[in-house]
Amino acid sequence: MELSLQESLLLKSLGLSTKPSPKSPIPVPPVLWRIFQRRKTLPSANKALADGCRVEEFNVPGNIIRVFPDQGHFIHEGQPGRLLCLQKRLYFNLSVLEEGERLTMAQLEIKFSCNSYHASSQGQVFELRLYQSSQMSLRGVPPQRHGRKLLVEQSFAQLHKSLLFNLSGVAKEWRMSSRNLGLILEISVSNGDSDLQRLCASIDSFLDTSLLVVTLSQQQCKASRRRR
Amino acid sequence: NAHHAPVTPSNLCKPRRLYISFSDVGWENWIIAPQGYMANYCLGECPFPLTAELNSTNHAILQTVVHSLDPEGTPQPCCVPVRLSPISILYYDNSDNVVLRHYEDMVVDECGCR
């Protein structure tokens, strides 16, 4: 009993309300490994001087970096249209952020675990649209046009690269309004090329999306700033 | 005062090795890295006269003089951390998200008499 009390006090001092017990842990995102390893190898004198309340890699204030896996669902079973490859709801549960944390950055990463590269004479192969959803929608029921706001619209050709989008504004809005209805991702192809059609039909199977969020713990960073 | 027996260097105030192993405290299933780290702690005497490497404040020097005159009434200054450095911990939270969190003042680099 005493040990568990001591443990909970220690966890609390580390900013954790309870002892985590991961159920289906995901692989550690490479970006977090890189930041962790870089900090770990800093000489001790540099560590003490480094501003622990700032994430140099993104040049934003922050002492906590989280990567949220996507918990959304595909809106259609299979390919929604001949040129429309996928329509997917993206949802990131930010409720784990504690009240005393200020969100300073949110970056969406869209990755395709496929290494194919489709050279097309026009150069524009895939078209991506990202919407902020303002309406709930059920599986199989396409979202109403007026229930969403276009955030990003762009073309890309290479599937083996990560696409990064700055969603800091949207994430801050989710937190302020406590109304997080997620995003809607649409990917379509620009023409009916047969190879392209084949890729389009299977793109949903190698899509991987995650949201990296940086927050600043007012409690832990304010104290250190006063001392500095 | 000549009758003070000199303190052997080894028990002067300085950092002592303390390795914290997260598996020893049963945290290995949610902390991804590091598996443990060298936290250290301060221990040792702050005797009169306080030498430069003991990182002392003027008040600590004063206190050692008074302690040498009145050992029962005034204790020696305390041997405490005077320079600490942070560590970052990678862990899974209760929603299976991967978190990289920076914690200030987790490693004792230097001790001093205060």
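Residue numbers begin at 1 in each chain, while the letters A, B, ... track the order of the sequences. Values below: every heavy atom of this structure, side chains too, minus hydrogens, waters and symmetry copies. This structure is a prediction, so every number in the text was calculated from the model and none was measured.
Residues from residues 34-41 of chain B that place a non-hydrogen atom less than 4.5 Å from a non-hydrogen atom of chain A comprise Pro34(B), given in numerical order.
Here the closest non-hydrogen pair linking Phe36(A) and Ser88(B) is CE1-O, 3.2 Å. Minimum heavy-atom separation, Trp27(B) to Leu11(A): CZ2-CD2, 3.7 Å. Taking each heavy atom of Lys19(A) and Gly26(B) in turn, the nearest pair found is NZ-O, 3.6 Å. The two residues Asp96(B) and Lys23(A) have their closest heavy-atom pair at OD1-N, 3.1 Å.
Here the side chains of Trp30(B) and Pro22(A) are in contact, with some heavy-atom distance below 4.5 Å. Side-chain contact between Arg101(B) and Thr215(A): absent, with no pair of heavy atoms (C-beta onward) separated by less than 4.5 Å. Side-chain contact between Ile65(A) and Val99(B) is absent, with no heavy-atom pair separated by less than 4.5 Å. Counting heavy atoms from C-beta on, the side chains of Ile32(B) and Trp33(A) come closer than 4.5 Å.
With rounding to the nearest 0.5 Å, the separation of CZ in Arg66(A) from CG in Leu100(B) is 11.0 Å. How far CZ of Arg39(A) is from CD1 of Ile89(B): 12.0 Å, rounded to the nearest 0.5 Å.
Put simply, the side chain of Tyr103(B) never gets that close to the backbone of Gly15(A): no donor and acceptor are under 3.5 Å apart. The backbone N or O of Ser21(A) sits less than 3.5 Å from a side-chain atom of Asn94(B), completing a donor-acceptor pair.
Interface remark: Leu16(A) contributes side-chain atoms only to the contact with chain B (heavy atom separation under 4.5 Å). Using a 4.5 Å cut-off between heavy atoms, Ser95(A) makes no contact with chain B at all.
Applying the side-chain contact (heavy atoms from CB on, under 4.5 Å) criterion to Lys111(A), with sequence neighbours excluded, gives Glu109(A), Ser162(A), Asp208(A).
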